[in-house]
Structures are given as structure tokens and as C-alpha cells.
Amino acid sequence: MSNDTKDPEASQSGWGPVTVVGSGLHAQVLEHLGLAICGQELATGTIMKIEDVERQYGVSRSVIRESIRVLESMGLVSSRRRVGVLVLAPSEWNLYDPQVIRWRLASGARITQLRSLTELRAAIEPEAARLAAIRSPLTNASDLMGLAGQLWAAGEAGDQELFLSLDIQFHGLVLASSGNEMFAKLQSLVSEVLAGRTNYGLMPQHPHEEALQLHVDVASAIQRGAPDAAQGAMLRIMQRTMSEMGSIWDSPHQNQDFIRR
């Protein structure tokens, strides 16, 4: 097989030849199929034939089968003998998989995905902050205070890239400091939603001063061992986030249920 094939439409659709570069065949096919499914270009109930996908992408059957196996592990598709590969409904997907989250954020349902993730954060992070004030090691609490100060500086400077990096670290450390291993596993999810808001232009250039102060308040309460104060400050952060996003996801054209059964 040649190391390069034509790719006139690959960036626009999940169907079409893939640009073959080096050893990235599997990753490229997986990316195209995942985006097409999560963007519902390949609608629920669509049946894909391996030979058709192989021909459309111009790659070997082994590459297609490996991509399908990964999609199956995410709950996006199901292989049926003598039928083909069935695209499953979003209610069957592993919605906590970071790659699925990225694909959904890249789809037309971006705002609905951000709403779901933000609502989940609002339910979890205040409790994580409360537990962190009870259980957090002193080193973690000190690190949170340092991050809160750096966040303030980055926010005032309008450095969105640095602010995003610090914000991800801050909220991830709060989850880890809760002492709850289930909460700690949500760090990658929080990272995706924060990155999604920034990457798609849904974050202000300069965060509101109250938001910056609330991060300091969370860190200070955790350091002092004040669980109610930590919970309250984190809750207010989440309420501000919900308020900022509410005007976007309450728009009529966004008010659609992504989970179709």
C-alpha cells in the first residue's frame, strides 16, 4: 500500500478517503468515524459494512476492524454478524470517555454537551471542596492557594492559555484532595469542559473579579479546614458558570435533547 492517499473531503465528513501519513492510519480513521457518529452524520441505526468503510477510506481491513473495536469499547457501535456495524443511540455511549466528550464538543451538539458537563460539575465539585477541607493534605492546600494566586494574575493579564492550564490544575486538585477516588477520576472530564469553553470562545477574555476571588476563597477555606465555607465558595463558582452559560444554552436553537432514544 502507498504511504499517501487522496483526501479532498476528509476534514469535512466522517466518510471519505483518509490522508495516510506514516503509522497514523488507525488514529485518523478512528477520529473521522468518531466525529461522524458523535456529530450524528452517521445517525443512530445506521449500518456500516466493513467492506464499504474499507473502500471509502482506502485503508486495510485490519485498520478498519481495529477502529471499530475501539468504537465498540466506547459504546458507539455494535458489530452484528451477517449484518454489519450498527451505530448505537447516544444513550448507549460511554459519555464519560474523554474522547467521546471531545467528539461531542466538536459536533453541532456542543452547547448541550457543555450544559450536561457543567450541571455534573455543579453537583460534584462543591461536595468535593467540602471533603477537601476535611481531608486534604497540607501540601495540597498550600498548592491550591498558590494556584489561586496565579489564576488571579493570569486572569487580570488576559492570558487565556495560562489561565486555562491553571484552572484545570486547580479544579483537578480540589477533586483529588477530596479523598474520594471516584471524584478524583473526574479530573479528565473537568479538564475537557474547561478546555471546551475556552477553545470554542465561551470564556470571557478577563474573568470577573468575583470569580477570581471565589477561587481564593475555596483554597483558603480548604487550607483553614472550613468545609462549609469551601463548599459555599465552590457552589458560587458553579452558579456563576451556570449563569454565564445559561444565556447560550437557553437559546431556542440550542434547546434540543441530545440524548435520542
Side-chain angles (χ1 to χ4, degrees), residues 96 98 101 105 114-249:
Y96 290 92
I101 291 172
L105 287 173
L114 283 171
R115 178 178 61 191
S116 298
L117 291 169
T118 303
E119 289 171 349
L120 179 62
R121 289 184 64 202
I124 297 298
E125 290 197 58
E127 177 63 11
R130 186 187 74 82
L131 292 174
I134 298 170
R135 303 171 177 171
S136 177
L138 289 177
T139 52
N140 284 18
S142 297
D143 288 346
L144 281 170
M145 283 300 298
L147 286 168
Q150 293 174 65
L151 267 173
W152 194 301
E156 288 194 327
D159 189 336
Q160 283 198 331
E161 184 177 351
L162 178 58
F163 186 89
L164 171 61
S165 175
L166 293 168
D167 205 22
I168 288 172
Q169 292 178 60
F170 182 91
H171 288 276
L173 187 54
V174 171
L175 290 167
S177 299
S178 70
N180 183 307
E181 71 279 10
M182 303 295 287
F183 286 1
K185 281 294 185 181
L186 295 176
Q187 290 182 59
S188 60
L189 181 150
V190 171
S191 174
E192 293 299 334
V193 68
L194 291 172
R197 283 192 68 192
T198 299
N199 294 340
Y200 293 106
L202 301 174
M203 283 285 284
Q205 181 69 33
H206 294 273
H208 195 282
E209 185 172 318
E210 182 189 19
L212 298 173
Q213 181 61 53
L214 286 170
H215 282 76
V216 174
D217 293 345
V218 169
S220 176
I222 291 173
Q223 190 175 51
R224 298 193 323 267
D228 290 343
Q231 183 180 44
M234 184 63 83
L235 179 60
R236 288 194 294 278
I237 290 174
M238 292 297 103
Q239 289 171 338
R240 279 196 60 85
T241 300
M242 295 287 285
S243 178
E244 289 170 358
M245 296 293 293
S247 61
I248 300 173
W249 58 51

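Values below: all heavy atoms of this structure, side chains included; hydrogens, waters and symmetry mates excluded. The first residue in the sequence is number 1, and the count goes up from there.
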Considering all heavy atoms of both residues, which atom of [X] and which atom of [Y] are nearest to each other, and what is their separation?
| X | Y | answer |
| --- | --- | --- |
| M234 | A129 | CB-CB, 3.8 Å |
| Q223 | A141 | CA-CB, 3.7 Å |
| R236 | L214 | NE-CD2, 3.5 Å |
| E192 | L105 | O-CD1, 3.7 Å |
| A233 | V218 | CB-CG2, 3.5 Å |
| K185 | S188 | O-OG, 3.9 Å |

Go through the structure and list residues passing side-chain hydrogen bond (donor to acceptor under 3.5 Å, both in side chains) with [X], not counting sequence neighbours.
| X | answer |
| --- | --- |
| S220 | R224 |
| S177 | N140 |
| S165 | Q169 |

Mind checking the [atom1]-[atom2] spacing from [X] to [Y]? Nearest 0.5 Å is all I need.
| X | Y | atom1 | atom2 | value |
| --- | --- | --- | --- | --- |
| F163 | Q150 | CZ | CD | 12.0 Å |
| L151 | L144 | CG | CG | 10.0 Å |
| I168 | L164 | CD1 | CG | 4.0 Å |
| E161 | N199 | CD | CG | 10.0 Å |
| L117 | L186 | CG | CG | 10.5 Å |
| E127 | N180 | CD | CG | 8.5 Å |

So do [Y] and [X] actually touch side chain to side chain, heavy atoms under 4.5 Å?
| X | Y | result |
| --- | --- | --- |
| F183 | E125 | no |
| Q213 | V216 | yes |
| Y96 | L120 | yes |
| R121 | M242 | no |

Stepwise side chain to side chain contact (heavy atoms under 4.5 Å, CB included) test for I237 and D217:
CA-CA 10 Å; I237 290 174; D217 293 345; over 6 Å; no

Expected output: side-chain [X] to main-chain [Y] donor-acceptor under 3.5 Å:
| X | Y | answer |
| --- | --- | --- |
| S243 | Q239 | no |
| Q187 | A184 | yes |
| S178 | V174 | no |

More than 12 heavy atoms of other groups within 6.0 Å of E209 CD
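Count not over threshold, so no.
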
